[in-house]
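The structure appears right after this line, and notes come after that.
Side chains are part of it too, since the values below use all heavy atoms of this structure and drop only hydrogens, waters and symmetry mates. Chain letters run A, B, ... following the sequence lines, proteins first and then strands; every chain starts at 1.
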Number of protein chains: 2
Amino acid sequence: MSPTIKVLLAEDQSMVREALAALLGLEDDIEVVAQVARGDEVLTAVREHGVDVALLDIEMPGCTGIEAAAQVHKVLPAVKLVVLTTFGRPGYLRSAMEAGADAFLVKDAPAAQLAAAVRKVLAGERVIDPTLAAAALAEGANPLTEREREVLRAAADGSTNAELAAALHLSQGTVRNYLSTAIQKLAVRNRAEAVRTAREKGWL
Amino acid sequence: MSPTIKVLLAEDQSMVREALAALLGLEDDIEVVAQVARGDEVLTAVREHGVDVALLDIEMPGCTGIEAAAQVHKVLPAVKLVVLTTFGRPGYLRSAMEAGADAFLVKDAPAAQLAAAVRKVLAGERVIDPTLAAAALAEGANPLTEREREVLRAAADGSTNAELAAALHLSQGTVRNYLSTAIQKLAVRNRAEAVRTAREKGWL
DNA sequence: ACTGCCGGATGACAGATGTCATACGGCGAA
DNA sequence: TTCGCCGTATGACATCTGTCATCCGGCAGT
């Protein structure tokens, strides 16, 4: 029989992470050789443990699972990458794919798909929910410019224009211009809705 | 040896739910006899399976884990209730306790605490993170009135005053008044921040 | 009976926000 | 090279939001 598949688990909530480890531990051909709770610890852990497949949550402190995926893909392209997330946002799927991910799973999929995905990516397959893929393709690319995203991100907590201007070293008028164009591109009526829909689409 | 502890798991994300089941399945004295993905299925499942301990996530469709806890506590007070949540919001802890919960765990606690909590509540103990308990007591009770909460909740998605007024059958001025008092009670500067901090404290 | 609080409302006002026209320098594509 | 887009900025304008004073009816405590 072939040697076991070495898996790294990156997920910030320990209880979930260890539970997933228990789940994968039930599989004979899979071994969880490393667990990390932060995105910025992924690369070194992958290196140290000779990982075959990295399972990456998106929302993590340090850096996102998508950024971690990009780092790993760049220096160790042979390592297979499975992105695992709570939110099936089309924009997330798109960025995950651009970062070199081999699979994209949402956490409300059946647990059996996790081990299945690990085996499939190792066999060279890609695993993507067809519905989500369709949604990602249907909605097109992120229409926001980098600067617009930054301003929107900064505005998300309810900061005022003056605070945004100070924080981003811009004039207050410029901040309003960016928010205005973002609002128009997203076809919404104010900054709060803009933040909301940008988040929802994974564009933020 | 005593019979195994019968546990119900309520959590909407299947992957997490099944992973937690796998984790608890490793314990000899614990048996997961039921799994549900919605809050409003908890009560009947508890009844049907003669559950000893119910593990309830807060964020669920149907109704929240806290509401489900209240229902179970009312009709089957002998069933022990463990509330499990992603967010350690003091207000959540408070409402969970008021709903009759015996334990309150956050998902970024170590996985070992889950089984430990199950055993402890069955032994009549209560399990609460001391830091969180302190925070819950320190910040006092929710200062918002029911109506203020409603308006704030409705305003969370970026709706304008006119829309809020229409949705809640209020005059536009009244909506503004409620938002204004909420903003003052929360000591913030606009509705977006008010929504944010109310959420954070679990007051929404 | 009186006081206070809640839900609900109005009007006036100041300040924040969103829109629009316009401008300039840089940079990449045609 | 010219066109278009991005980043940045200004000023003017209309509308939205937040505050405040004030009012009413109802209901719970004292």
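A sub-4.0 Å separation between OP1 or OP2 of C/dT17 and a side-chain N or O of A/Thr160 is present. Contact annotation: A/Ser171 does not reach the phosphate of D/dT8 (side-chain N/O to OP1 or OP2, under 4.0 Å).
At least one side-chain heavy atom of A/Tyr178 sits less than 4.5 Å from a side-chain heavy atom of A/Leu170. At a threshold of 4.5 Å between non-hydrogen side-chain atoms, the residues B/Leu76 and B/Val51 do not count as touching.
Closest to the A/Tyr178 side chain, of the nucleotides D/dG7, C/dA9, D/dG18, is D/dG7. Listed nucleotides: D/dG7, D/dT19, C/dT10. Nearest to the side chain of A/Thr145: D/dG7. Looking at the side chain of A/Leu170, the nearest of the listed nucleotides C/dG7, D/dA9, D/dA12 is D/dA9.
Spacing between atom CD of A/Glu148 and atom C1' of D/dG7 amounts to 10 Å, rounded to whole angstrom units. Put simply, NZ on A/Lys185 is 16 Å from C1' on C/dT19, counting in whole angstrom units. Straight-line distance from the CG atom of A/Asn161 to the C1' atom of D/dA9: 15 Å, rounded to whole Å. Rounded to whole angstrom, the span from the CD atom of B/Glu193 across to the P atom of D/dG18 amounts to 10 Å. Straight-line distance from the CD1 atom of A/Ile183 to the P atom of C/dC20: 11 Å, rounded to whole Å. The interatomic distance linking B/Glu163 (CD) with D/dC16 (P) rounds to 11 Å, in whole Å. Atoms CZ (A/Arg191) and C1' (D/dT17) sit 11 Å apart, rounded to a whole Å. A straight line from CD of A/Glu150 to C1' of D/dT8 spans 13 Å, rounded to a whole angstrom.
Note on A/Asn190: only backbone sugar-phosphate atoms sit closer than 4.0 angstrom, heavy atoms only; bases stay farther off. Among the heavy atoms of the strands lying under 4.0 Å from A/Thr174 is at least one base atom, whether or not backbone atoms are also near.
Here the shortest heavy-atom pairing between B/Leu152 and B/Ala198 reads CD2-CB, 3.9 Å.
The base of C/dG7 is not paired with the side chain of B/Arg147 by any donor and acceptor separated by under 3.5 Å. You won't find any donor-acceptor pair under 3.5 Å spanning the side chain of A/Asn177 and the base of D/dC6, going by distance alone.
Of the possible donor and acceptor atoms, one in the side chain of A/Arg94 sits under 3.5 Å from a partner among the backbone N and O of A/Ala136. A donor-acceptor pair is defined here as one N or O able to donate and one able to accept, closer than 3.5 Å; no such pair exists between the side chain of A/His73 and the backbone of A/Ala69.
Looking at which nucleotide of DNA chain C each of B/His169 and A/Ala192 is closest to, the 5′-most match is held by B/His169.
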